[in-house]
Protein chains: 2
Amino acid sequence: MPVARSARGPYAKTAKLRARAIDAGIELFGTTGYYGATLTDVADRLGMSLTGLQHHFPDKGSLLVAVLEERDRRAAAAVPGGSQVDAVESLLGMLRESQKNPGLMELQCVLSAEATSVEHPAHDYFRHRYAVLRSQGAAAFRQLADRGELAVPIEPESLTSMLIALVDGLQLQWLLDHDSVDIEAEVRTFLRTFIPTLH
Amino acid sequence: MPVARSARGPYAKTAKLRARAIDAGIELFGTTGYYGATLTDVADRLGMSLTGLQHHFPDKGSLLVAVLEERDRRAAAAVPGGSQVDAVESLLGMLRESQKNPGLMELQCVLSAEATSVEHPAHDYFRHRYAVLRSQGAAAFRQLADRGELAVPIEPESLTSMLIALVDGLQLQWLLDHDSVDIEAEVRTFLRTFIPTLH
């Protein structure tokens, strides 16, 4: 939890409760989806009254916003840096890490699927998130293409959409059955096919 | 609707109502998920009372079973036949067709994500479905491998998991934003990379 141990008083108490509610939101939205979960479920899980929870999160939408912000914060903390090949190793490392604590993976899987409906409160969030991912990935692959390091003539945009799709789809298969696929090995095989300079 | 026009009487009426309820279930489960939808929502959509609907589907679980059976029926009706290359063309044709009527694509996307939780009533259904898909795909790719038609040394099981993941992930991106990806083109690019004999 991002709450300093030395913090005291009402502020620390509020921050701690918000953090616990967000954790419960990650778990519930990742299990039954945004539509399937209620604020009462979250309050029950925290052992507090709905009215007490609504003091911090007046409705389910405000908890969803906080959950997505926390998701972004944790994802940003694990962002890869360095050269393109390092970026690939960092991506593989992130995939490995996410399997140790699949809560965020479930959240991503369930909420992004639900959010395909235009009425979903996180629809614009996920549309934007995927547009940014595609743009960042395409820039990285374009650098490799310009250096002649792509084995197959392929548009960087196309390769990026395929990589993002592959990761999402493999995570779905793994969440359904942990023994069914080796996410990291498959992503490495895919990338090696297109980038032979990869170890 | 699979109801013969000449059918009359109470049986025909029941079959027609069941078919309408299943269509409503496909749409609702595909939008708000199984957890987010209620039998009352389905009854409202059909303009009938909850009690009336419960005469045909006593609970949400029984409607889910009927929805998944209908999903399988429609998927089986579009199953590819013929040689491996024909099978690839048939897969691409199916992907093209499913974009014209994305209801079943949304259902697959939302329910499979929700069903990653072991408590979900369709968890075993989706685990089994993916195991069968992987096994059928691997058998087809193994034939190509035995004939030396795979460009890259890759396990047929691995290639199958990747192809299934790619299709699921591209459909998610397309459902979020129809202009973002060309599902058929990306899948064709992926397959051509591994099977150079493909046109």
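As the structure is a computational prediction, the values presented were derived from the model and not from experiment. Within every chain, numbering begins at 1; the chains are lettered A, B, ... in the order of the sequence lines, protein sequences first and strands thereafter.
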Under a single-linkage definition using a 4.5 Å side-chain heavy-atom cutoff for Ile, Leu, Val, Met, Phe, Trp and Tyr, are [X] and [Y] assigned to the same hydrophobic cluster?
| X | Y | answer |
| --- | --- | --- |
| B:L176 | A:L68 | yes |
| B:L133 | B:L91 | no |
| A:I183 | A:L198 | yes |
| A:F57 | A:L50 | yes |
| B:M105 | A:Y130 | no |

Closest heavy-atom contact between [X] and [Y]?
| X | Y | value |
| --- | --- | --- |
| A:T116 | B:C109 | CG2-SG, 4.4 Å |
| A:A165 | B:Q173 | N-NE2, 3.4 Å |
| A:T32 | B:Y35 | CA-CD1, 3.3 Å |
| B:V181 | A:S161 | CG1-OG, 3.5 Å |
| A:S117 | B:G30 | OG-O, 4.5 Å |

Query raised in the report: What part of B:Q171 gets closer than 4.5 Å to chain A, counting heavy atoms only: side chain, backbone, both or neither?
Result: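 Contact with chain A involves no heavy atom of B:Q171 at all.
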
Query raised in the report: Does any heavy atom of chain A fall under 4.5 Å from the side chain of B:F194, the backbone, both, or neither of them?
Result: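 The side chain, not the backbone.
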
Requested in this report: Report the option among B:L166, B:T189, B:D168 that has the most heavy-atom pairs separated by less than 4.5 Å from atoms of chain A.
Outcome: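 Between B:L166, B:T189, B:D168, the count favours B:L166.
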
Query raised in the report: Based on non-hydrogen pairs under 4.5 Å, which of B:L111, B:V167, B:L170 is most in contact with chain A?
Result: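 The residue among B:L111, B:V167, B:L170 with the greatest pair count is B:L170.
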
**Report entry** From CZ (A:R127) to CG (B:L175), nearest 0.5 Å
**Finding:**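 Nearest 0.5 Å value for the CZ-CG distance: 12.0 Å.
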
Report task. State the CG-NE2 distance between A:D177 and B:H128, to the nearest 0.5 angstrom. Result ->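 Between A:D177 CG and B:H128 NE2, I get 12.0 Å after rounding to 0.5 Å.
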
Requested in this report: Go through A:L163, A:V110, A:L172 and name the one with the most non-hydrogen pairs under 4.5 angstrom from chain B.
Outcome: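 Ranked by heavy-atom pairs under 4.5 Å with chain B, first place is A:L172.
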
Query raised in the report: Relative to chain B, which of A:D182, A:V118, A:V152, A:T31 shows the most heavy atom pairs under 4.5 Å?
Result: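 Among the listed options, the one with the most contacts to chain B is A:T31.
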
Query - Residue part contacting chain B, namely of A:I154, when any heavy atom lies under 4.5 Å - result: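 Contact with chain B involves the side chain of A:I154 alone.
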
Requested in this report: Identify which part of A:E157 has an atom lying under 4.5 Å from any heavy atom of chain B, answering side chain, backbone, both or neither.
Outcome: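 Neither part, no heavy atoms under 4.5 Å.
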
Query raised in the report: Do the ring planes of B:F190 and A:F190 sit parallel (below 30°), tilted (30 to 60°) or perpendicular (above 60°)?
Result: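 Geometry flag for A:F190 against B:F190: parallel rings.
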
